[in-house]
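These notes are about the structure you will find just below.
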Amino acid sequence: MTILAYDLGASSGRALLGRLNNGKIEVEELHRFPNDPVQVGDRLHWDILRLLHELKQGLLKVKHRGITLDSIAIDSWAVDFGLIGSSGELLGNPYHYRDHHTDGVMEQVVEELSKARIFEKTGIQFLPFNTIYQLAALKKADSPILRDAKHFLMIPDLLRYFLTGEMFNELSNATTTQLYNPVTGSWDEELIRAIGISPEMFGKVVQPGARAGSLRPSVCEELGIEPVPVYAAAEHDTGSAVAAVPALDPSFAYLSCGTWSLMGTEVHEPVINELAQQLNFTNEGGAYGTFRLLKNIMGLWILQECRRSWERAGVSYSFPELVKLADEAKPFAAFIDPDDPLFLRPGDMPARVAEYCMRTGQSAPEGAGAIVRCILESLALKYRYVFELTEQLSGQSFSGLHMVGGGIQNTLLCKWTANAIGKPVWAGPVEGSAIGNMVVQWIASGELADIWEARKVIRESFPVDAYEPEQRAEWEHAYGAFKEKTGIA
């Protein structure tokens with residue numbers, strides 16, 4: 001079987017071919033494209049029609065190679081959405097989750113409904129850009145788009161609709177909205193009405209692996225191709241990444257590492273209690289009856305924004321150059337909490353790192369190497385903090401940490417994470433989300449029996465690099481300083 005996985009991240013997208021050959025997975029990147037947000041006035045949007053165009057370019061490259069596809073699926077980031085009108089057309093470009101229109105809205109909604117009530121119904125952590133607050137912001141602004149909306153589709157749902165003409169909401173992404181009740185297994189109509197939205201906008205929720213249509217005739221005619229079955233993957237890219245964790249033990253901890261870092265474990269029932277709410281953990285839907293008990297960490301976004309700031313100033317660094325500079329810089333000179341709201345929005349990130357350090361009584365790091373070292377060490381130490389919280393909340397003790405995703409190409413971060421947690425780190429595969437997307441397609445078609453056979457095949461198909469902890473005394477001392485300076489304890 002040859003299948004196509006579209007994996008859309010917050011900065012780029014890829015179309016990857018997957019083949020299952022003699023019990024081994026072969027992955028080939030067929031098409032890569034940027035995913036740049038577009039600023040229009042005061043609003044930040046996704047360029048959704050450009051993304052659709054790039055999906056079609058991927059299909060054309062398949063055609064030009066003479067390849068016959070057996071199926072297609074899409075995964076992407078969470079929380080963002082498009083609204084469809086009565087004509088079946090998209091009403092406006094979707095907002096980017098880093099847009100300012102949600103500023104202060106979470107606090108207003110929480111005051112009206114209470115954190116306890118929202119968490120009891122959804123089990124989802126409180127982040128200012130969650131879908132519930134985006135919709136509440138549109139309602140408070142009396143948005144004409146919201147008034148005319150008949151259907152709510154998250155980003156992969158929307159792109160899948162453009163390709164197939166079929167409207168479905170997929171589980172793993174639906175849970176991230178903070179409007180889905182994992183206990184009842186349905187949209188929470190009471191919560192939706194409480195923010196002034198009609199529950200009728202929210203459609204049928206399908207499981208990862210569900211058949212979700214075929215390429216529509218107009219797409220086939222435009223591109224000169226035959227219809228291809230389209231499946232719902234675990235369409236939140238983290239859901240796909242977790243499906244690709246090559247764990248052999250059902251009790252495992254993972255870190256999906258990229259623009260965002262998401263750390264947690266896989267559970268079979270959502271953990272919805274007072275401690276989970278206090279720790280601001282989340283219970284997102286996963287593949288095959290699982291939930292992802294995890295916590296969002298700001299991730300490599302801070303480093304990516306620093307690099308963009310330096311480029312705007314006329315200084316270009318490759319990521320390997322920045323990692324080398326960091327390795328040469330003085331260790332443990334300053335710390336940041338990566339999840340401070342200061343780092344959420346786009347902007348001059350080196351200046352914000354300096355601002356945070358000075359605000360917390362530290363000397364601001366000077367030079368690119370010192371700034372990058374501060375970011376990467378702080379991430380590794382924040383990973384330890386969340387790793388220990390995950391053990392506490394899940395009642396498990398993990399022997400190490402599985403890291404997947406593009407961030408594991410930063411070997412310094414992997415090494416420092418092992419040092420920080422004091423346990424081994426197993427890094428791989430790099431293409432975690434895309435591979436998880438693929439195995440859901442193969443399970444749906446019967447090529448793989450279940451997720452555990454898929455994980456065994458993944459482990460046998462891709463290298464996993466092991467990092468053993470070093471410098472325990474130095475990192476233990478640094479962890480104490482990190483907690484003191486950031487105040488997270």
Side-chain angles (χ1 to χ4, degrees), residues 23 25 75 123 125 171-172 175 182-183 185 207-209 233-257 261-273 275-276 279 281-296 383-384 386-405 408 417-418 421-429 431-433 435-444 446-467:
I25 298 170
D75 67 79
Q125 72 185 121
L171 175 75
S172 69
T175 57
V183 177
Q207 295 286 331
E235 289 188 343
H236 182 197
D237 52 10
T238 308
S240 281
V242 173
V245 170
L248 302 181
D249 186 338
S251 175
F252 65 91
Y254 59 79
L255 174 65
S256 178
C257 186
S261 293
L262 301 102
M263 180 182 283
T265 188
E266 198 171 68
V267 294
H268 290 283
E269 298 290 340
V271 179
I272 302 177
N273 56 35
L275 180 59
L279 298 178
F281 267 66
T282 200
N283 294 270
E284 297 173 355
Y288 308 108
T290 61
F291 288 87
R292 291 170 285 129
L293 178 66
L294 63 85
K295 193 171 179 67
N296 282 47
Y383 294 159
R384 171 175 170 176
V386 176
F387 184 86
E388 292 177 351
L389 293 183
T390 305
E391 290 187 318
Q392 177 187 354
L393 190 56
S394 67
Q396 303 177 67
S397 178
F398 303 114
S399 58
L401 176 66
H402 288 274
M403 290 179 66
V404 297
I408 68 171
T417 300
I421 68 173
K423 293 183 178 182
V425 161
W426 306 292
E431 301 289 359
S433 296
I435 293 165
N437 178 320
M438 290 174 184
V439 299
V440 168
Q441 294 186 61
W442 281 317
I443 293 170
E447 289 294 305
L448 293 172
D450 56 27
I451 190 62
W452 290 105
E453 183 186 3
R455 283 174 170 151
K456 182 173 182 292
V457 170
I458 291 168
R459 194 173 186 90
E460 293 171 353
S461 301
F462 301 99
V464 175
D465 296 320
Y467 297 84

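Values reported hereafter were calculated over all heavy atoms of this structure, with side chains retained and with hydrogens, waters and symmetry mates removed. Positions are given from 1 along the sequence.
For Thr265, there are no side-chain hydrogen bond (donor to acceptor under 3.5 Å, both in side chains) partners, not counting sequence neighbours. Under the side-chain hydrogen bond (donor to acceptor under 3.5 Å, both in side chains) criterion, Glu431 pairs with Arg14, not counting sequence neighbours. Looking at residues two or more places apart in sequence or on another chain, you find a side chain to side chain contact (heavy atoms under 4.5 Å, CB included) between Pro182 and Pro270, Ile272, Phe291. In this structure, the side chain to side chain contact (heavy atoms under 4.5 Å, CB included) partners of Phe462, at least two apart in sequence or on a different chain, are Ile25, Val27, Pro429, Ile435, Ile458. Scanning for salt bridge (Lys or Arg N to Asp or Glu O under 4.0 Å) contacts around Arg459 gives an empty result, with sequence neighbours left out. Residues satisfying the ring-ring contact (aromatic ring centres under 6.0 Å, His included) test with Trp442, not counting sequence neighbours, are none. Glu460 pairs by the salt bridge (Lys or Arg N to Asp or Glu O under 4.0 Å) definition with Lys456, not counting sequence neighbours. Remark: Asp249 pairs with Ser251 by the side chain to side chain contact (heavy atoms under 4.5 Å, CB included) rule, at least two apart or across chains. Legend: residues meeting side-chain hydrogen bond (donor to acceptor under 3.5 Å, both in side chains) with Ser399, ordered by chain and number and at least two apart, are absent. Take Asn437 and apply the side-chain hydrogen bond (donor to acceptor under 3.5 Å, both in side chains) test, not counting sequence neighbours, and it matches Asp75, Gln441. Legend: residues meeting salt bridge (Lys or Arg N to Asp or Glu O under 4.0 Å) with Glu388, ordered by chain and number and at least two apart, are Arg384.
Between Leu448 and Val457, the closest side-chain pair of non-hydrogen atoms falls below 4.5 Å. Within the 4.5 Å cutoff, the side chain of Lys295 has no heavy atoms near those of the Thr390 side chain.
Relative orientation of the His402 and Trp426 rings is tilted, given thresholds of 30° and 60° on the angle between their planes.
Among pairs with a residue in residues 390-404, those fulfilling salt bridge (Lys or Arg N to Asp or Glu O under 4.0 Å) read Glu391-Lys423, at least two apart in sequence or across chains.
Note that CG of Asn296 is 7.0 Å distant from OG1 of Thr282, once rounded to the nearest 0.5 Å. Taking CZ of Phe387 as the reference point, atom CD of Gln392 lies at 13.0 Å (rounded to 0.5 Å).
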